[in-house]
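Just below is one structure, and these are the notes that go with it.
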2 protein chains.
Amino acid sequence: MEQLRKTLKVHNLRTTTCREDVLSTFISKKNALSHGDLEGALGESYDRVTIYRTLKTFLEKGIIHKVLDDEGLRYALCSHSCSEEKHQHDHIHFKCNTCGETNCLENQHIPEVQLPQGYLPEHFNLLIQGTCPKCNN
Amino acid sequence: MEQLRKTLKVHNLRTTTCREDVLSTFISKKNALSHGDLEGALGESYDRVTIYRTLKTFLEKGIIHKVLDDEGLRYALCSHSCSEEKHQHDHIHFKCNTCGETNCLENQHIPEVQLPQGYLPEHFNLLIQGTCPKCNN
DNA sequence: AAAGTAATGCAACAATGTTTCATATGCAAC
DNA sequence: GTTGCATATGAAACATTGTTGCATTACTTT
Ligand SMILES: [Mn+2]
Ligand SMILES: [Mn+2]
Ligand SMILES: [Zn+2]
Ligand SMILES: [Zn+2]
């Protein structure tokens with residue numbers, strides 16, 4: 001609870017209940033969340049628009065990052081070390097086609113790739129779809 | 001022209017002007033296209049819904065594949081060798097942040113990755129964002 | 001406690017995608 | 001070539017998702 005406020009303060013954000021709740025939802029559920037997921041989790045507490053704006057703010061401040069998904073955009077907590085200036089997201093995302101969850105594999109880094117002459121790579125996003133350990137009995 | 005019909009026939013699809021035009025648009029523009037891109041390219045010729053349905057059909061038949069993008073879904077031609085049963089899409093997609101185009105790098109394969117125990121990978125989608133050769137002077 | 005600034009809720013709108021159903025079209029069989 | 005059947009299309013209605021403007025409310029600093 002106090003930790004949430006601290007996180008917001010570190011990123012120069014006013015502490016509001018919506019931001020606390022959104023942040024806390026990201027922390028408790030560990031998987032990547034869509035706007036709709038958050039709406040569902042938070043019930044009628046906040047206006048749709050406010051959630052959109054909270055996501056946008058968190059993105060800009062480097063609290064969360066985008067997770068590409070074959071059926072839309074999701075968001076997940078940045079592990080640490082992400083700021084407004086510099087983002088470090090070279091890890092793999094895994095989407096389970098059985099349970100539908102998408103997760104960050106923080107420790108699995110995207111391998112180096114060799115691009116043809118002239119390409120200047122800046123950001124990487126690797127989504128692997130398949131079956132997750134929970135669903136792979 | 002005759003080639004288009006042949007491609008449709010190979011996939012057991014009736015030749016309609018919409019399908020011909022959509023396919024021909026994918027061939028002439030070489031980059032990945034969103035539904036909106038197609039609507040723009042084809043003008044008022046066809047109903048929005050018909051274009052959606054054409055994309056869905058082409059997806060199912062293995063004529064095009066999905067391309068994940070940080071601002072929505074796009075589609076691109078399958079190079080060859082994709083059928084309704086089996087798809088082969090282990091190549092890299094590159095999105096240029098300057099010109100906005102997303103392209104298939106057919107010859108750049110996604111490198112092997114080592115996942116933790118229990119993960120069963122099936123499909124891979126790697127999007128690299130940066131500057132493309134055209135825009136990198 | 002007061003003032004200034006930033007966040008919120010609400011309404012209206014825009015964009016994107018889906019479903020239903022009557023009509024039109026392609027295609028295979030005759 | 002004509003016929004009949006299955007399929008594709010267009011139109012309307014709807015659902016979902018995301019954005020913008022503006023008045024009100026709530027943080028934070030002093
Ligand atoms: Mn992640
Ligand atoms: Mn591709
Ligand atoms: Zn699972
Ligand atoms: Zn470019």
Side-chain angles (χ1 to χ4, degrees), chain A residues 1-2 4-25 32-61 63-75 84 100 102, chain B residues 1-2 4-25 32-61 63-75 84 100 102:
Chain A
M1 208 63 197
E2 203 43 51
L4 296 179
R5 288 165 181 254
K6 203 167 158 187
T7 305
L8 293 174
K9 180 154 267 180
V10 165
H11 291 89
N12 286 308
L13 291 176
R14 290 190 180 177
T15 61
T16 68
T17 55
C18 180
R19 287 174 178 169
E20 285 179 332
D21 283 358
V22 168
L23 185 49
S24 132
T25 305
L33 303 173
S34 66
H35 174 270
D37 294 334
L38 285 165
E39 238 186 320
L42 300 177
E44 304 285 293
S45 319
Y46 309 103
D47 194 272
R48 286 167 15 82
V49 180
T50 304
I51 298 178
Y52 276 116
R53 287 193 274 229
T54 301
L55 287 171
K56 198 174 166 207
T57 304
F58 281 9
L59 263 184
E60 288 166 355
K61 295 297 182 175
I63 297 175
I64 58 177
H65 62 280
K66 284 187 184 181
V67 179
L68 300 191
D69 198 307
D70 63 329
E71 51 189 350
L73 219 41
R74 291 170 190 274
Y75 305 87
E84 200 158 355
T102 304
Chain B
M1 212 58 200
E2 203 43 51
L4 296 178
R5 289 166 180 255
K6 202 167 162 187
T7 304
L8 293 174
K9 180 154 267 179
V10 166
H11 291 89
N12 287 308
L13 292 176
R14 290 187 178 177
T15 61
T16 67
T17 54
C18 180
R19 287 174 178 170
E20 287 179 331
D21 282 357
V22 168
L23 185 50
S24 131
T25 305
L33 302 173
S34 67
H35 173 270
D37 292 335
L38 285 164
E39 238 188 320
L42 300 177
E44 305 285 292
S45 318
Y46 309 103
D47 193 273
R48 286 168 11 86
V49 180
T50 304
I51 298 178
Y52 276 116
R53 286 193 277 231
T54 301
L55 286 172
K56 196 174 169 210
T57 304
F58 281 9
L59 262 184
E60 288 165 357
K61 295 295 183 176
I63 298 175
I64 59 177
H65 62 280
K66 283 187 184 181
V67 178
L68 301 191
D69 199 308
D70 64 328
E71 51 188 350
L73 219 42
R74 289 169 190 274
Y75 305 87
E84 201 157 354
T102 303

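Quick caveat: nothing in here was measured; it's all calculated off a predicted structure. Protein chains get the first letters and strands the later ones, always in sequence-line order, with residue 1 at the start of each. Scope of the values below: all heavy atoms of this structure, side chains included, with no hydrogens, waters or symmetry mates.
Across D:dG10, C:dT8, C:dG17, the shortest atom-to-atom separation from the side chain of A:T50 is found for C:dT8. Closest to the side chain of B:D47, out of D:dA11, C:dG9, D:dT20, is D:dA11.
Summary of the strand contacts: A:T54 and B:Y52 both lie near DNA chain C, and taking for each the nucleotide with the nearest heavy atom, the more 5' one is attributed to A:T54. The residue among A:K9 and B:T17 whose nearest nucleotide of DNA chain D lies closer to the 5′ end is B:T17. When each of A:S45 and B:E39 is assigned the nucleotide of DNA chain C bearing its nearest heavy atom, the one mapping closer to the 5' terminus is A:S45.
For A:T16 and D:dC27, the shortest distance from a side-chain N or O to OP1 or OP2 is not below 4.0 Å. Using a 4.0 Å cut-off, no side-chain N or O of A:S34 falls inside it from OP1 or OP2 of D:dT16. For A:T15, a side-chain nitrogen or oxygen approaches OP1 or OP2 of D:dT28 to under 4.0 Å.
Of the N and O atoms on the side chains of A:S24 and A:D21, not one donor lies less than 3.5 Å from an acceptor on the other residue.
Within 4.0 Å of A:R48, counting heavy atoms only, lies at least one base atom of the nucleic acid. Using a 4.0 Å heavy-atom criterion, one finds that A:T57 contacts no nucleic acid atom at all. Among the protein residues, A:R19 comes within range of the sugar-phosphate backbone only, with heavy atoms under 4.0 Å from sugar or phosphate atoms but none that close to a base.
Proximity of B:D69 to A:L68: side-chain heavy atoms (C-beta onward) are nowhere separated by under 4.5 Å.
Between the P atom of C:dA7 and the CG atom of A:N12 lies a distance of 11 Å, rounded to the nearest Å. Rounded to whole Å, the distance from CG on A:D37 to C1' on D:dT17 is 13 Å. Put simply, CG on B:L55 is 15 Å from C1' on D:dT9, counting in whole angstrom units. Rounded to whole Å, atom P of C:dC21 lies 13 Å from atom CZ of B:R53. Between the CD atom of A:E44 and the P atom of C:dG9 there is a distance of 12 Å, rounded to whole Å. Per the geometry, CZ belonging to A:R5 stands 13 Å off C1' belonging to D:dA26, to the nearest Å. Atom P of nucleotide C:dG26 and atom CG of B:L8 are separated by 13 Å, given to the nearest angstrom. Straight-line distance from the CG atom of B:L38 to the P atom of C:dT16: 13 Å, rounded to whole Å.
Side chain B:R14 to base D:dA6: a donor-acceptor pair is found below 3.5 Å.
Between B:V67 and B:Y75, the shortest heavy-atom contact is CG2-C, 4.3 Å.
Under the Watson-Crick or G-U wobble criterion, with both distances below 3.5 Å, C:dT25 is paired with D:dA6.
Rounding to the nearest 0.5 Å gives a distance of 10.5 Å between CG of B:L42 and CG of B:D37. Taken to the nearest 0.5 Å, the CG atom of A:L59 stands 11.0 Å off from the OG1 atom of A:T54.
Counting only distance, with no hydrogens or angles, the side chain of B:H35 and the backbone of B:R48 share a donor-acceptor pair below 3.5 Å.
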